[in-house]
Every structure is written in structure tokens, then in C-alpha cells.
Participant: 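This structure is in C-alpha cells; I'll ask about it shortly.
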Number of protein chains: 2
Amino acid sequence: MSIRQATRRKILELGEDLMQKRGFNAFSYHHISSELGIKNAAIHYHFPSKESLGRQIIKNTHERFSKWISHPEHRVLPVAEQLDWLIKIYQYNLEKENRVCLIGSLATDYYTLPLSMQAGIRKLSADVQNWLAQLLEGGRQQGVLSFEGKSRDKALTILTSLAGSLQLARLLGNEMFHKVVEQIHLDLKLTY
Amino acid sequence: MSIRQATRRKILELGEDLMQKRGFNAFSYHHISSELGIKNAAIHYHFPSKESLGRQIIKNTHERFSKWISHPEHRVLPVAEQLDWLIKIYQYNLEKENRVCLIGSLATDYYTLPLSMQAGIRKLSADVQNWLAQLLEGGRQQGVLSFEGKSRDKALTILTSLAGSLQLARLLGNEMFHKVVEQIHLDLKLTY
DNA sequence: GTCTATACCTTGATAGAC
DNA sequence: GTCTATCAAGGTATAGAC
């Protein structure tokens, strides 16, 4: 990425933040332009439409996830630490002024989104789900954790709980997020 | 409620549906008026502002919940059936063209909402949380279900999971909701 | 790449007739 | 209670100068 693309990068960062704090429909080009000290039209130079901006944000998040789970150093970590890594992502959002996760944010906006964004967020959520299901299955076979039922169902239960936690934390206070994480650990009988 | 208030009732019903399908910011008075075959201004007669409409919808949902949990017939039901009743509410939303729950919808919109609506949804979520925590605690003492940790934390884990399920079901398909419900039951070692 | 200027649409809301 | 008419504000987007 050339240094000239600095503005583009800032737009993407801010857009991501706004999507997770306000939702796709509730942020405008003005939120971004005023924050960056530029004008409306400058954003349209980098992203011709709001849809193109949204699509790129989803893509970036997806690529970060894909790169990390396939990274040699990451794949070799103990199951507990890989799970911890996932939870840390949610915790990071919590601490960034109560962002919700991108998937949860776009899921509630889903029926108002352009089709290309709907497809993007579907793919992302499927990948996350598959990855966690495999991780749990491996962990159970190794005996480092324990649970009833199919690993896929357990993965879904955990993911929905994490996504929901970030949302409810806005209403009930951030401590509850940590309580839920504790409970997830308990329910997995996780041994470090 | 007089028969004259039929329009008001329809507005509230449709508004609730729209909030749970599109979110508070993504539905407009036009969505309602065109559906009801009336004009924009007629809605403003019943609800001077969008905020007043949103507030009343939250209030109605809260009252339905409060009335039901304090109803003599309901309080006397077995723990498993009371839990089932809660889950059926979520399932009802799922089947109503993938509504998400009101709390989840307003939680992602939270920072864009009028203060009165923020307060309303905070109160509702606190009441639901307290009720479920007590129910689980009672069930554990009776020995009809079993789990590790505090009943409050377990309640939060289940509620977040249910809320998240309605959202993820839009992306991954409705079957996953039922899987999550199954998993919740498994994790509670619920005995009927 | 960023600006000014502007077109065009949708939104929530109000005034006043019926 | 509902209508017509109208408004101001805010939204996305484009054209063309610099």
C-alpha cells in the first residue's frame, strides 16, 4: 500500500468503527469526512458508493480472520489458546467503546443491506462457524475440553453468546461480558 | 381500548414488526402509512414523534413480559415449561420472517437512539435477566436442571445465545436456531 | 486527490382544511 | 381522525475546477 493511500486506509478504519458502533444505516459520509477533516466528495473518490465501502470493510475483516487462522504460528497453538484468541477479539471490541461484532451488527441490518454485502457477511459467518466447530472437535478428542452434543452446535452456541454479549453489555454493563466468558469456560470444563 | 383506536393499534403492531426486521433507523413512517393505506400525517396524530412510537413499542413489549411472568397460572408451571415459554417467544420471532428480538435489535442501534428509548430497553433487559436467573436458580435447587457457576451468569449466557441465534439464523439458516436451543438444553442437563 | 457546488431523494414533522 | 400541502434537514451521489 503506497503512502498516498493513507486516506483510503483511514476511511476504512473509521468506517469499520462506525459500522460496529452505529450500524450501516446510521452512519453517513459526513461522520467520516468531518472526523478526517476532508470533504464528502473525497470519500466518493476512494469509494464510489457506500455499498462499495461496506463491501470492502467486510472483506478486510474476513481476510484478517482467514490469514490468522491459517498462519503457521497460530495453527500450532494449544486449543485453549486458540479459543482465547477468538474471545480476545470480542473483548477488544468491548473495550473499543462497546463496538459490537461486525457479524452481529450486519445481521440486524441484514434485510436493509445491498445484496453484495449480504453475501459477504454470510460467507464470513460461515467461515468463523466452521473454524470454531473444528477447533472444539479437536479439543474434545484431545481431552482438553468436554461438552455434550455436536461440536458444530456447541460452536454456534458459543458464537451467538459472544455476539449477544457485546450487544447486551451496552445495556447491562461491561462486567457481564466477562461473566459470560467465564460461564463459557465453565461449560466447556476447559483445562489449561 | 375503544374501537376508534384500531389505527393506533395497527401502527404499534407494524412498528414493532419493522423494528425487529429492519431496526429503528431503517424504517420510516412511509413503511407504515403505505401498508395501512393511510397518510404520513395520520401517524403523527397518534404518535407525535418517532421517539414516542418507539417508546410505546418498548413499553408494550415490557408489559406483555411482566404480565405473563407474574400471572398466577404461569408462576406455578414447572421450571422446564417456563423456560420453554421463553424459548417459544424467540422461536415465534424466528418464524415471523426472521425477526430478531427487540432487545438485540435496539442494542445494536443503541448509541443512535433517543435517551428515553435507551432507558426503556435497559429496564426491559434487566427484568428479563433477573427473571431467568431466578428461574434457573430455582430449577437447580429442585434438581430438575444442572449447571456450573452462578445462576445469573448462566442466565446471561443463555439470553445472549438466544438473541444471537435469531441474528445468525438470518445468515446461516433457521435450522441453526433449533440446534442452539438443543445445545442449551443439553448444557442444562434438563430433565422433563 | 481534494475541493466547491449542486442535484436529487427520503426523512420526520407541522399547519390548516375537512 | 385523516387529509393535502409544505417544510427544513440530512442523506448519497455527481460534475467539473484546481
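Below, read A as the first sequence line, B as the second, and so on, with proteins coming before strands; counting in each chain starts at 1.
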Participant: Both His30(A) and Pro48(A) contact DNA chain D. Which one's nearest nucleotide lies toward the 5' end?
Facilitator: His30(A)

Participant: Among dT12(D), dT2(D), dG12(C), find the nucleotide with the atom closest to the side chain of His44(A).
Facilitator: dT12(D)

Participant: In whole Å, I'd like the distance from the CG atom of Asn25(B) to the P atom of dA9(D).
Facilitator: 20 Å

Participant: Hey, does the side chain of Tyr45(A) come within less than 4.0 Å of dG1(C)'s phosphate (OP1/OP2), counting only N and O?
Facilitator: yes

Participant: Counting only side-chain heavy atoms from C-beta out, which of dC3(D), dA13(C), dG1(D) sits nearest to Asn40(B)?
Facilitator: dA13(C)

Participant: Would you kindly say whether Asn40(A) and His30(A) are connected by a side-chain donor-acceptor distance under 3.5 Å?
Facilitator: no

Participant: When Asp17(B) is tested against each of His31(B), Arg99(B), Arg22(B), Lys96(B) for side-chain hydrogen bond (donor to acceptor under 3.5 Å, both in side chains), which residue passes?
Facilitator: Arg99(B)

Participant: Grab the NZ-P distance between Lys39(A) and dA15(D) for me, whole Å please.
Facilitator: 21 Å

Participant: Taking only side-chain N and O atoms of Thr7(A), does any of them lie within less than 4.0 angstrom of OP1 or OP2 on dT2(C)?
Facilitator: yes

Participant: So, OP1 or OP2 of dT2(C): does either fall under 4.0 Å of a side-chain N or O from His46(A)?
Facilitator: yes

Participant: Side chain of Ser28(B): nearest nucleotide among dT11(C), dT12(D), dC3(C)?
Facilitator: dT11(C)

Participant: Ile43(A) CD1 to dC3(C) P: how many Å, rounded?
Facilitator: 10 Å

Participant: Is Tyr29(A) close enough to dA13(D) that one of its side-chain N or O atoms is under 4.0 Å from OP1 or OP2 there?
Facilitator: yes

Participant: Atom CZ of Arg9(A) to atom C1' of dG1(C): distance rounded to whole Å?
Facilitator: 16 Å

Participant: If only side-chain N and O atoms count, and only distance matters, is there a donor-acceptor pair under 3.5 Å linking Glu148(B) with Gln183(A)?
Facilitator: no

Participant: Round to the nearest Å and state the distance from Ile32(A) atom CD1 to dA13(D) atom P.
Facilitator: 12 Å

Participant: With no hydrogens and no angle check, just 3.5 Å: does a side-chain donor-acceptor pair link Glu137(B) and Ser151(B)?
Facilitator: yes

Participant: What is the distance from CG of Leu18(A) to P of dG11(D), rounded to the nearest Å?
Facilitator: 12 Å

Participant: Using atom CZ of Phe27(B) as one end and atom P of dT10(C) as the other, report the distance to the nearest whole Å.
Facilitator: 18 Å

Participant: So, Thr112(A) versus Asn25(A): side-chain donor-acceptor pair below 3.5 Å or not?
Facilitator: yes

Participant: With sugar-phosphate meaning primed atoms plus P, OP1 and OP2, does Ala41(B) contact a base, only sugar-phosphate, or nothing at under 4.0 Å between heavy atoms?
Facilitator: base

Participant: What nucleotide, of dT12(D), dC3(D), dA13(C), holds the atom closest to the side chain of Lys50(A)?
Facilitator: dT12(D)

Participant: NA contact type, Phe47(B), heavy-atom cut-off 4.0 Å: base, sugar-phosphate, or nothing?
Facilitator: nothing

